[in-house]
Amino acid sequence: MIVRTRFAPSPTGFLHIGGARTALFSWAYAKKHGGDFILRIEDTDVARSTPEAVQAILDGMHWLGLDYNEGPFYQMQRMDTYKKTLQKMLADGTAYYCYCSKEELEALRESQMQQNLKPRYDGRWRPEADKVLPTPPQDVPPVIRFKNPQTGNVVWQDLVKGEISIANQELDDLIIARADGTPTYNFCVVVDDWEMGITQVIRGDDHVNNTPRQINMLMALGATIPQYAHLSMILGNDGQKLSKRHGAVSVMQYDEDGYLPEAVLNYLARLGWSHGDDEVFSLQQFCEWFDLDHITPSAAQFNTEKLNWLNAHYIKLASTDYLVNDITKRLAKLNVVVSEQPQLSAVIDLYKERVHTLNELATNIAYFYQKPVIDEAAAEKHLTAETKLVMDSLTSLLKAVDWQAEHIHHAINEVVTQYQLKFPKVAMPLRVLLTGIAQSPSIDQVMVLLGRDEVIARISHWN
RNA sequence: GUCCCCAUCGUCUAGAGGCCUAGGACACCUCCCUUUCACGGAGGCGACCGGGGUUCGAAUCCCCGUGGGGACGCCA
């Protein structure tokens, strides 16, 4: 049987890190088994779905490189199918009209809560063999409810959590079509998963409680039941649940913040899944290794520091061409115009082993293309009156030196000897003058790239 | 409240009854490298939630407790 998995987000917001991981695992499972990965947009909540959100999800998946074999399918465009199925269920007696008003339902829920009962529909419009149903009120447009079995258990082997069993007594007759006729989530999922031939439903574990209902409907329809794999959630850095108002950000924010997609992917892959002691691996390797047996059933806390470490690793690996292209854009955002000299590629090569993010890289090299702002603390510490003299001597030497790291180094050494100083005594003030701060790569390397004129200008600018 | 799920270093995790004196990674600390800061290298600190069973033997299986999370919408 061909594996078919799907990612089915609702377009009510951006693609966040949890959704991205769900998509990644679902995608990887299909890839691993040579199957198909389907994208389905669950937009039946018309009030909250937006085209912008659809685009944001598409953008996020594109950035991560999660391509799909089919879709995107939009549930709002599949109404005919749902309605047909609804009619069939009404005809079969597996669904029925319910004329309860929202107020009535609200009152019911209220009283159940007060009695410490689990709030649920009491089945007052559920047809039974010898039951006399009330007369339908004229002013209440009916909803359609699924006639859920009342006895027995729904049991499935969850591919992540193992056997899960829920008693039908815990379930009520859920609404599968609203009063306006539009079908609801649990019903659409069932129809779609069935019609699209989904073999493994890989989704967040907030859906565990929906699963028995969906299985019951699938059975009522005579459909094949897919396998289910429920992924635990991802918590924020502080161990708190991620939500719109607490820490949840779009995956595109990671792009903004200077993360490489391969770093985010690698990090996400390792969050809740493992392959022995392996930490760093390519997407391709991940697809070969991926399985559902090694997914942790418990929630995982996001850790930006580990992401940073991975990102640093992937920046070191990134091609210079890629980095030049990317960093040019980031510098432009900082209002830094990249000139011909020094060559951006050379500057990047000098810095790319020292940073955790692309933004850090851009920020750190900005001084090559614009005058540095001298850090006050650094200036106070290193730019003392006596060093002024040393810098002057150095300037004279630099004017004549062959502009290569080796010779520049020699020149510095000469001054070091002349004034009987330690090397850093000359290098540090130079650093501050040239870069604005007290940390940089090898100072002679920096000078080579900066160019003789600029170096001398920056030194003499000190007054 | 009811139902469901979860529980190994601070964090991500390895672990399928003996290989566990519990392994790896991030972070942290120390040292080395060094021209500052990084990078890199070598070490170090650091965990099986508690209690009962089962077993010759339990991080691993079972039960109870505790803690955390999720669900209980004409949202998805």
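If you're wondering where the values come from, they're calculated on a predicted model, not measured in any experiment. Order of the sequence lines sets the chain letters (A, B, ...), proteins ahead of strands, with each chain counted from 1.
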- Message: I need a per-nucleotide contact map over nucleotides 63-68 of chain B, read 5' to 3'. Cutoff is protein heavy atoms under 4.0 Å; write B for the base, S for backbone only, - otherwise.
- Response: ------
- Query: Could you run down nucleotides 4-14 of chain B 5' to 3' and tag each one B, S or - for protein heavy-atom contact under 4.0 Å?
  - Reply: SSSS---SBSS
Donor-acceptor pairs under 3.5 angstrom involving side-chain atoms of residues 407-420 of chain A: please list them, not counting sequence neighbours.
| from | atom 1 | to | atom 2 | distance (Å) |
| --- | --- | --- | --- | --- |
| A:His409 | ND1 | A:Asp444 | OD2 | 2.9 |
| A:Thr417 | OG1 | A:Asn413 | O | 2.8 |
| A:Tyr419 | OH | A:Ser393 | OG | 2.5 |

- Does a side-chain N or O from A:Arg109 land closer than 4.0 Å to OP1 or OP2 of B:G73, or not? yes
- Would one find a side-chain N or O of A:Lys425 under 4.0 angstrom from OP1 or OP2 of B:U36?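 For B:U36, OP1/OP2 do not have a side-chain N/O of A:Lys425 under 4.0 Å.
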Does [X] reach a base, just sugar-phosphate, or nothing at all? Heavy atoms under 4.0 Å.
X        : value
A:Lys422 : nothing
A:Cys98  : nothing
A:Ser440 : base
A:Asn210 : base
A:Met233 : sugar-phosphate
A:Asn237 : nothing

Residues that [X] engages under side chain to side chain donor-acceptor pair (under 3.5 Å), provided they are two or more places apart:
X        : answer
A:Lys161 : A:Asp205
A:Glu52  : none
A:Asp238 : A:His246
A:Tyr254 : none

- Task: Compute the ring centroids of A:Phe25 and A:Trp273, then answer whether they are less than 6.0 Å apart.
- Result: no
- Task: Taking the six-membered ring for Trp and the single ring otherwise, decide whether the centroids of A:Tyr68 and A:Phe7 are under 6.0 Å apart.
- Result: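 So the answer is no for these two rings.
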Atom [atom1], compared across [N] and [M]: separation rounded to whole Å:
N     : M     : atom1 : value
B:C32 : B:G17 : C1'   : 43 Å
B:C61 : B:A25 : C1'   : 29 Å
B:C33 : B:G24 : P     : 26 Å
B:U13 : B:G51 : P     : 26 Å

- From the list B:U35, B:A76, B:C3, which nucleotide is the closest neighbour of the side chain of A:Lys118? B:C3
- Message: Over 60° means perpendicular and under 30° means parallel, so tell me whether A:Tyr99 and A:Tyr97 are parallel, tilted or perpendicular.
- Response: tilted
- Looking at residues at least two apart in the chain, or sitting in another chain, which of them share a salt bridge (charged side-chain N to carboxylate O under 4.0 Å, His left out) with A:Glu360?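 Partners of A:Glu360 by the salt bridge (charged side-chain N to carboxylate O under 4.0 Å, His left out) criterion come out as none, since no residue qualifies.
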- For A:Asp172, salt bridge (charged side-chain N to carboxylate O under 4.0 Å, His left out) partners two or more places apart: A:Arg213
- Tell which nucleotide pairs with B:G1, taking only Watson-Crick or G-U wobble pairs whose two distances are both under 3.5 angstrom. B:C72
- Item | Counterpart residues, ring pair (Phe, Tyr, Trp, His ring centres under 6.0 Å), relative to A:Tyr367 (two or more places apart) | none
- Query: If you look only at pairs with a residue in residues 165-195 of chain A, which of them pass as a ring-ring contact (aromatic ring centres under 6.0 Å, His included), with sequence neighbours excluded?
  - Reply: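 Listed by first then second residue: A:Tyr185-A:His207.
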- Does A:Leu117 or A:Asp180 map to a spot on RNA chain B nearer the 5' end, using the closest nucleotide for each?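 That would be A:Leu117.
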- Task: Using the closest heavy atom to pick a nucleotide of RNA chain B for each, name whichever of A:His409 or A:Pro9 lands nearer the 5' end.
- Result: A:His409
- Item | Rounded distance in Å - NE2 (A:His313) to C1' (B:C26) |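 Taking NE2 of A:His313 and C1' of B:C26, I get 14 Å after rounding.
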Mind listing the N/O atom pairs, protein and nucleotides 42-45 of chain B, below 3.5 Å?
none

